Amino acid sequence: MRLRLTSALTFVCLSAVFSFAWYAARSGSGGSVLDVNQRQLLELRQRLFYAEKENKKRSYELESVLNEIKQFIDSTKLNVLSLANKLPIHLSNIHYYLPHLQEHEDGIYPNVVVGQGRTGVAMVIGVPTVRREKESYLMDTLESLFSGMSEAQKKHCMIIIFVAEVDLKYVNSIAESIRSRFPEEALSGVLEVVSPPASYYPKLSNLKTSLGDSSKRVRWRTKQNLDYSFLMMYAQPRGTYYLQLEDDIIAKPSYIQTISEFIVLQDSKEWLFLEFSQLGFIGKLFRCRDLPLIVEFLLMFYKDKPIDWLLDHLLSVKVCSPEKDAKHCERQKTYLRIRYSPSLFQHVGIHSSLAGKIQKLKDRDFGKNAFITAHVNPAAEVTTSLKAFQHYTLEKAYKGIEYFWAFAPVAGDYILFSFSQPIKIQRYLFRSGNSIHPGDIITDATVEVLPSAEIDLPPGGANSGNFKIVKTQDGYFRIGTFKNGIADGTVNPNLGNIKALRLSIHSSSPTWLLLSEIFIMMQLDENKKKILL
């Protein structure tokens, strides 16, 4: 537009010049005057042509610069968006809680020593570790975690080792040890090693003592809260669920499968975290989308209390009413904090990360089921006509805590599982007897299901595996039987949703009865299948 206006102006000026020259020639002015005027007009014409030429040149240069600026702005936008996706901190108020970071903008950027930048996983496992004076348990912990993870599950999980030290020489030595011990996991991206910058931590020398703790212990627990916060913020955009562990634990085999099955069975969407260990902050599973809330609450009071106490306070803030008593408060918390039993993780470290501290913490709920195979079963009310021996109850067996052990059964005894809501059952497995009581098995018994709707069998009946389905007088359908103390089979889809499953005993036995494995597998829809790892 500017170029076109300049050209028009030049044209007008030149026209005026030629018009003036023509008028001077017609008017009969003296030759000397005309020559001088003509020379001046010609100079003016040349200057106008030169100005137009320079203007065009400047216009082209200006247009080129504008294009470069536009490309730079577009590129900067992309880089900023890309950088924002890589930032570990997703907390708008972090400068309020940690004001020193206003002078240290690099304090939120992790030092990624080992990692492939994996994102979009189902489960992120966070393992903070620090330098210990006596003994390190980190490698044994990682060995246990990877041994309980199948190759297929490794594609949907990642473990982030957070070395909470600012000594880069030490951090790199830990990273190198991990890389040499687990080369495939480091190369595939299932394993990451990161550390914080020194500028992330505020001064911890002038902390106020509280809770009767020494200044040394207050400093230790305060730094630990900051470590947890950084790790959770870094992990938050990487996956769907976040599992918090420690660097001195062992895991039960197939812990990933058990956790994913337990997640699927949670009908309530209110829970804030699931617990897979009774101890401290071990084995706590969160939705990644909830981590900013957890971290913000933690940073509000990181100087005041340990993290497991703060987590309990957060539950109280959310659901406890000052007009209700303590029992009501605890009941309300159970909707937000759902416990899986038996524990999947055991604390094995003796020498604490707090120098000089010896801790012999053990999860008593871990290892209780040495003679039982535990499964995550659908919610159900369990009843039986059998008399349990001591504390070996059917309820504990159904939850995988302990085997069910009962006095000798007689004909007509039963074990009944009544589901909270009718479910589609894909498979069932009942195993009786175990290595210490191999003779206490179920012999003459059948597996029966009660559909939630009226079912008409097709002419000639139907089959459930190799077993001919038979309808009982009280409306149940017999779908399987025990062989060598084991009942293992599938449920015919034509039976639809099942509201109860029963084990019916048809003859008396001289021996006691022991159930060491109870597994009722639900048929899941596609959305729930995606959660399973």
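On a predicted model such as this, the values are computed, not experimentally measured, just so you know.
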Query raised in the report: Ion pair present between Asp308 and Lys284, side-chain N to carboxylate O less than 4.0 angstrom?
Result: no

Query raised in the report: Under 3.5 Å, is there a donor-acceptor pair linking the side chains of Glu448 and Ser504?
Result: yes

Query - Stacked cation flag Arg287 on Trp271, 6.0 angstrom / 45 deg - result: yes

Query raised in the report: Angle class for the Tyr340/Phe276 ring planes (parallel below 30°, perpendicular above 60°, tilted otherwise)?
Result: tilted

**Report entry** Flag side-chain contact, heavy atom, 4.5 Å: Ile479 against Leu495
**Finding:** yes

Query raised in the report: Do other residues, nucleotides or ligands put more than 12 heavy atoms under 6.0 Å from the CH2 atom of Trp512?
Result: yes

Query raised in the report: Is there a donor in the side chain of Glu296 and an acceptor in the side chain of Tyr97, or the other way round, less than 3.5 Å apart?
Result: yes

Query - Residues Asp474, Arg502: salt bridge by 4.0 Å N-O rule - result: yes

Query raised in the report: Is there side-chain contact between Gln153 and Gln257, with at least one heavy-atom pair below 4.5 Å?
Result: yes

Report task. Check the surroundings of atom NZ in Lys154: do more than 12 heavy atoms from other residues, nucleotides or ligands lie under 6.0 Å from it? Result -> yes

Report summary line: Sorted by chain and residue number, the salt bridge (Lys or Arg N to Asp or Glu O under 4.0 Å) partners of Arg427 (sequence neighbours excluded) come out as Asp488

Query - Check: Arg339/Ser277 side-chain N/O donor and acceptor closer than 3.5 Å - result: no

Query raised in the report: Salt-bridged, Glu330 to Lys327, with N to O below 4.0 Å?
Result: no

Query raised in the report: Strictly by modelled atom types, are Asp247 and Thr141 linked by a side-chain donor-acceptor pair under 3.5 Å?
Result: no

Requested in this report: Consider only side-chain N and O atoms of Asn497 and Ser452, and report whether a donor and an acceptor are under 3.5 Å apart.
Outcome: no

Query raised in the report: If we ignore angles and hydrogens, is there a donor and acceptor under 3.5 Å between the side chains of Tyr403 and Asp440?
Result: no

Requested in this report: Answer with yes or no whether the side chains of His347 and Glu246 bring together a donor and an acceptor at under 3.5 Å.
Outcome: no

**Report entry** His313-Lys305 side chain donor-acceptor pair, cut-off 3.5 Å
**Finding:** yes

Query raised in the report: Taking everything shown except Lys303 itself, do over 12 heavy atoms lie less than 6.0 Å from its NZ?
Result: no

**Report entry** More than 12 heavy atoms of other groups within 6.0 Å of Lys333 NZ
**Finding:** yes

Requested in this report: Verify, without hydrogens or angle tests, whether Ser432 (side chain) and Leu515 (backbone) share a donor-acceptor contact under 3.5 angstrom.
Outcome: no

Requested in this report: Only counting residues at least two apart or in another chain, list the ones meeting salt bridge (Lys or Arg N to Asp or Glu O under 4.0 Å) with Glu192.
Outcome: Arg238

**Report entry** Atom of Asn377, atom of Ile518 and distance for their closest heavy-atom approach
**Finding:** ND2-O, 3.1 Å

Query raised in the report: Going by the disulfide (SG to SG under 2.5 Å) test, which pairs reach into residues 312-341, not counting sequence neighbours?
Result: Cys320-Cys329

**Report entry** Thr209 backbone acceptor or donor facing Arg217 side chain under 3.5 Å
**Finding:** no

